[in-house]
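Note sheet for the following structure.
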Amino acid sequence: MEKQKNAVKRERKRLGDILVEAKLISGEQLKSALQKQKGMGLRLGRVLVEMGFATDESIAKTLARQMSIAFLNLNELSIPPEVLTTIPEAIVRSHNLLPVLLEGNKLRVTMADPLDVFIIDEIHYQTGYEIEIAISAESEIEAATKHYFGSSESLKAAMDTIKAEKRDPLMQLDEGFFNTFELGSDEPSVPIINLANTIIQQAIADKASDIHIEPDEDLVRIRYRIDGVLNEVMKAPKGIQGELMSRLKIMAQMDISEKRLPQDGRIKVRVKDVSVDLRVSVLPTVFGEKIVIRILDKTKLQLTLEQVGFDEELLALFKVLARSPNGIILMTGPTGSGKTSTLYAAINFLRDAHVNITTVEDPVEYQIPAINQVQVRPEIGLTFARALRSILRQDPNIILIGEIRDFETAQIAIESALTGHLVFSTLHTNDAASAVTRLIEMGVEPYLVGSAVIGVGAQRLVRKICPSCKSQVVPEPSLEGEMKRLGFQNAPTFKGTGCLTCRKSGYLGRTAIHEIMTITEDIHSHILNSSSARTIRDAAVNGGMRTMREDGIHKVVKGVTSMDEVVRLTRREDVEKFASKTK
């Protein structure tokens, strides 16, 4: 270890100078990064990465060469539990390092900053082991720390505080609550408040879409939905259930004394100067109240149609439909499939100072500047239908209806489209063809549906392959026929093998797959004859419509997602046809 420490001390130049000497960055880039570092308060390496001058992996490999130490790819290692406990978790997290191997009296430690000789001395002093230094990419160490130690040290710390200091936190709250809660600010140091704030804060940091707080018989389970999949992050003792639920209900401005009926509320929080809206739902269960918090990411307000997931062909088709002077455009799919985000992207595409756009939503999930948004309130009689009647007297050009749920709303939407308005809305159906039959089932006359509806889209969200562990695979023989039919014979397919960056799932982030059905003469005649959804779907496919399955396979060939994801979320056309023939 002494030899290594001396090598580190000899190399105790500034990081920027080392990277310039190695020609990884230029002197001008270093000067620019140092200037930006003053205002950001971050380590130089992180600033260089954020400015796009280098990657954390290239920085780590350059330092490894300059200092003659090993570079470790943590995705390829499996660290035993007994090694992880050699260094206190607080040091691991605060100094971005990780113990990886213990052999006799020698402990190998990989670091993001191997120039920090002081922490090396501290580890040697605390553990008594001889320390061998290695270096890894900063992002890999952070991902590995989350994988081995859990998402957040603060979650664990908040729970430890509650266990050590059991008291009634609700008695210490100030009277009156603001709509916006500053997470991480100087709130009263109350354990249950800290825990509630940390649960929300960590979910936002992990880019979760939902937080599930679920009471069980002898514990409370906390799970985050990340990329559409639930991940358990903590099991809390049953004793905190009442206090935690009450705190969250107070934040959402609910009645904390009512525990027998479902309730809904909203919370607005601010994290690092970013405002985030939370939609809160409380449901009584046999073991107490369950809370689900939907995190509404306001960055979706700025989504463009290009970012929604449309490929070039479908994007061009959707833009043509969106520019129509009148008619109804429907987006369909299950809850959480991104329908609302697509419609918001369409509104952003059409938003203009010369156009009057009004929305009717339940609830208004995102507030858009320069758009007139109406919140439905059935308890006082402000329904979709009643709001729409008033909107038609407000001289609108474009109307967005959050969801068509009943005949009255459908009828007014149809009439609006036929009287010169462009209407966007959503329906809960499995595919595009089922949307028109659903309107007819609601009681709308087929000739009105055929005349008003100009296009129907359907979509699902598929997980994207993690770029850090993406590898080529051979498609299953049962799926080769489909790919051959689409002209993708012998085309490469990909899959994520699983790494620390993607939590060993092989996926990171999500995108949408679509199908868009335009109302052709053939489909119009089927609608007038009240044909089945299957007949309309077949006519659309014969007319050139790309199904969601086919759109998914296009994204598989491009390496965006995997065949497993597409198979999981879409139906196979040839299997459907075979099943219908055998009935």
Side-chain angles (χ1 to χ4, degrees), residues 150-206 208-225 232-272 274-296 363:
S151 292
S152 172
E153 184 184 22
S154 51
L155 264 176
K156 182 181 176 185
M159 273 309 310
D160 289 344
T161 305
I162 288 174
K163 291 175 184 175
E165 187 179 348
K166 187 65 179 170
R167 52 180 172 162
D168 183 6
L170 298 179
M171 300 301 294
Q172 302 180 38
L173 296 176
D174 295 333
E175 292 184 9
F177 294 90
F178 297 99
N179 289 332
T180 302
F181 292 81
E182 290 277 355
L183 299 190
S185 66
D186 296 330
E187 284 198 68
S189 181
V190 180
I192 208 70
I193 293 178
N194 293 339
L195 177 62
N197 288 356
T198 304
I199 288 171
I200 295 171
Q201 204 166 358
Q202 188 60 48
I204 294 169
D206 287 349
S209 61
D210 300 87
I211 304 169
H212 288 241
I213 303 174
E214 305 167 329
D216 213 331
E217 188 172 9
D218 52 1
L219 55 85
V220 178
R221 202 181 311 276
I222 297 167
R223 299 194 289 174
Y224 296 160
R225 188 177 293 279
E232 188 173 295
V233 295
M234 188 173 71
K235 291 176 182 175
K238 187 74 173 176
I240 73 159
Q241 178 178 323
E243 296 174 351
L244 179 59
M245 299 301 179
S246 294
R247 171 59 182 170
L248 291 170
K249 286 167 74 174
I250 286 171
M251 292 176 73
Q253 297 182 328
M254 296 179 183
D255 181 358
I256 64 171
S257 64
E258 179 56 74
K259 299 182 180 179
R260 301 164 301 168
L261 296 174
Q263 294 188 68
D264 294 301
R266 302 192 75 160
I267 304 171
K268 182 174 284 188
V269 299
R270 187 172 292 277
V271 183
K272 296 179 181 177
V274 176
S275 181
V276 179
D277 285 337
L278 309 175
R279 199 166 70 202
V280 185
S281 172
V282 176
L283 180 70
T285 71
V286 292
F287 296 121
E289 293 175 300
K290 173 187 174 180
I291 288 184
V292 174
I293 302 172
R294 168 66 58 88
I295 300 171
L296 302 176

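- The distance from atom CD1 of I256 to atom CG of L248, rounded to the nearest 0.5 Å, is 12.0 Å.
- Side chain of Q241 to main chain of V220: no donor-acceptor pair is present (N/O by atom type, distance under 3.5 Å, no hydrogens or angles).
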Could you go step by step and tell me if M245 and K259 meet the side-chain contact (heavy atoms from CB on, under 4.5 Å) rule?
-> CA-CA 10 Å; M245 299 301 179; K259 299 182 180 179; over 6 Å; no

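- Every residue two or more places apart in sequence or in another chain was checked for a side-chain hydrogen bond (donor to acceptor under 3.5 Å, both in side chains) with T285, and none qualifies.
- Side-chain atoms of I200 and V276, non-hydrogen and from C-beta on, never get closer than 4.5 Å to each other.
- You'll find the side chain of M251 stays beyond 4.5 Å of the side chain of V280, heavy atoms only.
- Remark: I293 CD1 to D277 CG distance equals 13.0 Å, nearest 0.5 Å.
- The two residues D264 and M254 have their closest heavy-atom pair at C-CE, 3.5 Å.
- The two residues Y224 and T198 have their closest heavy-atom pair at OH-O, 4.4 Å.
- In this structure, the side-chain hydrogen bond (donor to acceptor under 3.5 Å, both in side chains) partners of R223, at least two apart in sequence or on a different chain, are E214.
- Rounding to the nearest 0.5 Å gives a distance of 5.0 Å between CE of M234 and CG of L195.
- Here I222 contributes atom CD1 and I291 contributes atom CD1; the two are 10.5 Å apart, rounded to the nearest 0.5 Å.
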Please test Q202 against I211 for side-chain contact (heavy atoms from CB on, under 4.5 Å), starting from the C-alpha separation and ending with a verdict.
-> CA-CA 10 Å; Q202 188 60 48; I211 304 169; over 6 Å; no

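- Considering only heavy atoms from C-beta on, K238 comes within 4.5 Å of P215 through its side chain.
- Counting only distance, with no hydrogens or angles, the side chain of D216 and the backbone of D218 share no donor-acceptor pair below 3.5 Å.
- Across every non-hydrogen atom of R247 and A196, the tightest pair is CG-CB, 3.8 Å.
- Residues I240 and A236 approach most closely at CD1-CB, 3.6 Å, considering heavy atoms.
- The main-chain N or O of E258 is found under 3.5 Å from a side-chain atom of Q263 such that the two form a donor-acceptor pair.
- Residue I193 holds its CD1 atom at 8.5 Å from CD1 of I250, rounded to the nearest 0.5 Å.
- Atom CZ of residue R294 and atom NE2 of residue H212 lie 8.0 Å apart, to the nearest 0.5 angstrom.
- Taking every heavy atom of both residues into account, P262 and P284 meet most closely at N-CD, 3.8 Å.
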